[in-house]
2 protein chains.
Amino acid sequence: MTGTQTPAGAGAAPAIDALDGRLLELLAREPRIGVLEASRRLGVARGTAQARLDRLRAGGVIRGFGPDVDPAAIGYPVTAFATLEIRQGQGEQVRRHLREVPEVLELHTITGQGDMLCRLVARSNADLQRVIDRVVGFEGIVRSATAIVMENPVPFRIVPLVRQAAGLAPETGPAAAEG
Amino acid sequence: MTGTQTPAGAGAAPAIDALDGRLLELLAREPRIGVLEASRRLGVARGTAQARLDRLRAGGVIRGFGPDVDPAAIGYPVTAFATLEIRQGQGEQVRRHLREVPEVLELHTITGQGDMLCRLVARSNADLQRVIDRVVGFEGIVRSATAIVMENPVPFRIVPLVRQAAGLAPETGPAAAEG
DNA sequence: GTCGTTCTGTACATGATGCCCAGGAGAGCG
DNA sequence: CGCTCTCCTGGGCATCATGTACAGAACGAC
């Protein structure tokens with residue numbers, strides 16, 4: 001470990017270099033790839049690729065390799081974002097409430113006192129009503145606004161950001177948005 | 001393609017059963033696990049686990065096993081959501097514009113004519129201004145509102161939804177929110 | 001110049017993978 | 001009731017990747 005940096009809190013942020021960036025990009029594009037195959041493609045020794053990967057994982061850059069599950073494929077094709085206004089001091093209760101709702105895929109607290117933003121999924125537009133009722137049916141929530149997702153022109157991606165962080169040139173190929 | 005919508009193949013989306021659900025949960029919790037180890041934990045033959053996994057992947061339930069990269073760890077600790085109002089007929093241009101911005105991690109079109117919602121990251125609050133300027137500095141965007149994420153009480157998770165879809169009992173353990 | 005770090009190339013033992021097959025249990029159908 | 005189809009089981013096999021280790025070379029820092 002080169003543990004000179006000890007950034008408390010937010011971002012550890014050990015800037016990644018070009019090799020890290022290429023490794024991450026490779027893993028994002030072809031997750032089934034192994035360390036050995038990755039090292040071949042990167043043109044480095046296997047030990048190097050392995051050391052880099054270990055370092056990225058230890059440094060928290062790679063949180064894990066969780067399966068990317070498509071909610072639509074398991075019966076939840078409708079996605080929505082709900083903005084919730086929370087009564088003063090009810091934040092913790094609301095958090096606990098929303099954590100219990102499976103259809104709440106993620107929850108953020110955002111600027112503006114008492115505001116939260118959450119991503120929801122539902123089995124249908126009609127079912128979304130049920131989900132919203134359950135979500136907002138809680139005393140601590142004083143107001144809510146829901147926006148239904150119609151299309152997803154840019155699915156979640158990380159590769160372009162990784163390339164930028166690694167000092168690599170922006171993608172130029174035909175398919176310039178993956179990962 | 002639009003990642004969230006159900007693909008044209010319509011007939012697909014076969015409800016997953018309990019074994020599928022447990023397999024998905026296992027993979028979500030311990031991604032480094034192999035098929036062999038998974039089959040042991042599930043108490044089924046290896047061939048069964050392998051067949052189930054293959055089926056889940058073929059059916060689009062598992063899109064892949066991409067590395068879960070933490071933007072904060074590569075120098076982008078600030079997250080924000082921006083709502084954009086788009087001028088009639090400029091949607092496609094705006095999409096292409098936003099696709100070119102690495103800090104745009106995902107983009108959705110939402111209800112309300114001409115509205116989009118995107119997730120942004122930045123190196124700092126000050127840097128966020130630069131990102132927003134780049135995002136909204138485009139003729140097709142007539143208005144925008146940004147909400148900075150302060151906390152993330154529920155990071156993106158899929159396990160509770162999978163359990164529900166698979167007909168398994170909701171999580172009851174001490175740590176009831178992962179994935 | 002010398003030290004410390006990183007990368008290289010190689011080696012080895014272990015274990016997982018991909019693939020195959022015969023048999024058995026269960027569900028649905030005629 | 002008996003049949004067939006599907007799925008799961010349990011085993012085997014060859015190949016391949018993994019984890020780990022080590023000595024030497026390249027590079028930059030002091």
Side-chain angles (χ1 to χ4, degrees), chain A residues 1-7 12-68 73-75 162 165-168, chain B residues 9 11-69 73-75 162 165-168:
Chain A
M1 286 304 167
T2 54
T4 317
Q5 307 282 52
T6 308
I16 60 177
D17 68 8
L19 183 56
D20 289 324
R22 291 199 296 143
L23 177 57
L24 282 173
E25 184 178 357
L26 203 52
L27 290 172
R29 291 193 188 288
E30 302 175 56
R32 298 297 281 177
I33 210 177
V35 174
L36 180 58
E37 181 62 19
S39 70
R40 287 183 194 130
R41 308 243 194 130
L42 294 173
V44 299
R46 182 170 70 104
T48 303
Q50 206 139 29
R52 292 303 189 108
L53 184 58
D54 290 345
R55 192 203 301 168
L56 289 172
R57 306 223 314 145
V61 174
I62 298 179
R63 292 201 202 96
F65 290 84
D68 185 7
I74 59 175
V162 166
L168 297 169
Chain B
I16 61 178
D17 68 8
L19 183 56
D20 289 325
R22 291 200 296 143
L23 177 57
L24 282 174
E25 184 178 356
L26 203 52
L27 290 171
R29 292 192 187 286
E30 302 174 54
R32 298 297 280 175
I33 209 176
V35 174
L36 182 58
E37 180 62 20
S39 70
R40 286 183 194 131
R41 307 244 194 130
L42 294 174
V44 299
R46 182 171 68 106
T48 304
Q50 206 140 28
R52 292 303 189 108
L53 184 57
D54 290 346
R55 192 201 302 168
L56 288 173
R57 308 221 315 144
V61 175
I62 298 179
R63 293 202 201 95
F65 290 84
D68 185 8
V69 177
I74 59 176
V162 166
L168 296 168

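Residue numbers start from 1 in every chain, and the chains themselves are labelled A, B, ... in the order their sequence lines are given, proteins ahead of strands.
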Bend of the helix from C:dG1-D:dC30 to C:dG30-D:dC1 from end-axis comparison, five pairs per end, nearest 10°, comes to 40°
Heavy-atom closest contact ([X] atom, [Y] atom, distance):
| X | Y | value |
| --- | --- | --- |
| B:Gly21 | B:Ala166 | CA-CB, 3.7 Å |
| A:Ile62 | B:Pro67 | CG2-CB, 4.2 Å |
| A:Gly60 | B:Ala73 | O-CB, 3.6 Å |

- [ ] Quick one: list whatever passes side chain to side chain donor-acceptor pair (under 3.5 Å) with B:Arg40, sequence neighbours left out.
- [x]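 Expected list: B:Glu37.
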(Q) Just the rounded figure in Å: distance from P of C:dT6 to CG of A:Leu53. (A)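 A:Leu53 atom CG is separated from C:dT6 atom P by 16 Å.
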- Query: What residues, two or more places apart in sequence or in another chain, satisfy salt bridge (charged side-chain N to carboxylate O under 4.0 Å, His left out) together with A:Arg63?
  - Reply: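 Only B:Asp68, B:Asp70 meet the salt bridge (charged side-chain N to carboxylate O under 4.0 Å, His left out) criterion with A:Arg63.
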The reported gap from CG in A:Leu24 to CD1 in A:Ile16 (rounded to nearest 0.5 angstrom) is 5.5 Å
If you round to the nearest 0.5 Å, how far is CG of B:Leu23 from CZ of B:Arg41?
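Answer for the CZ-CG pair, B:Arg41 versus B:Leu23, is 12.0 Å.
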Given protein heavy atoms under 4.0 Å, the one-letter contact record of nucleotides 11-18 of chain C, with B base, S sugar-phosphate only and - none, is simply B----SBB
Might you list the N or O atoms of the protein lying below 3.5 Å from N or O atoms in nucleotides 24-28 of chain C, with each pair's distance?
none

Review point. Mind checking whether A:Leu27 and A:Leu53 have side chains closer than 4.5 Å, heavy atoms only?
Key: yes
Taken in chain and number order and not counting sequence neighbours, the residues that satisfy side chain to side chain contact (heavy atoms under 4.5 Å, CB included) with B:Glu25 are B:Arg29, B:Val159, B:Arg163, B:Glu171
Residues at least two apart in sequence or cross-chain that pass side chain to side chain contact (heavy atoms under 4.5 Å, CB included) with A:Asp17, listed by chain then number, are A:Leu19, A:Asp20, A:Arg52
In the 5' to 3' direction, the nucleotides of DNA chain D bounding the stretch that comes under 4.0 Å of a heavy atom in chain A are D:dA17 to D:dT20
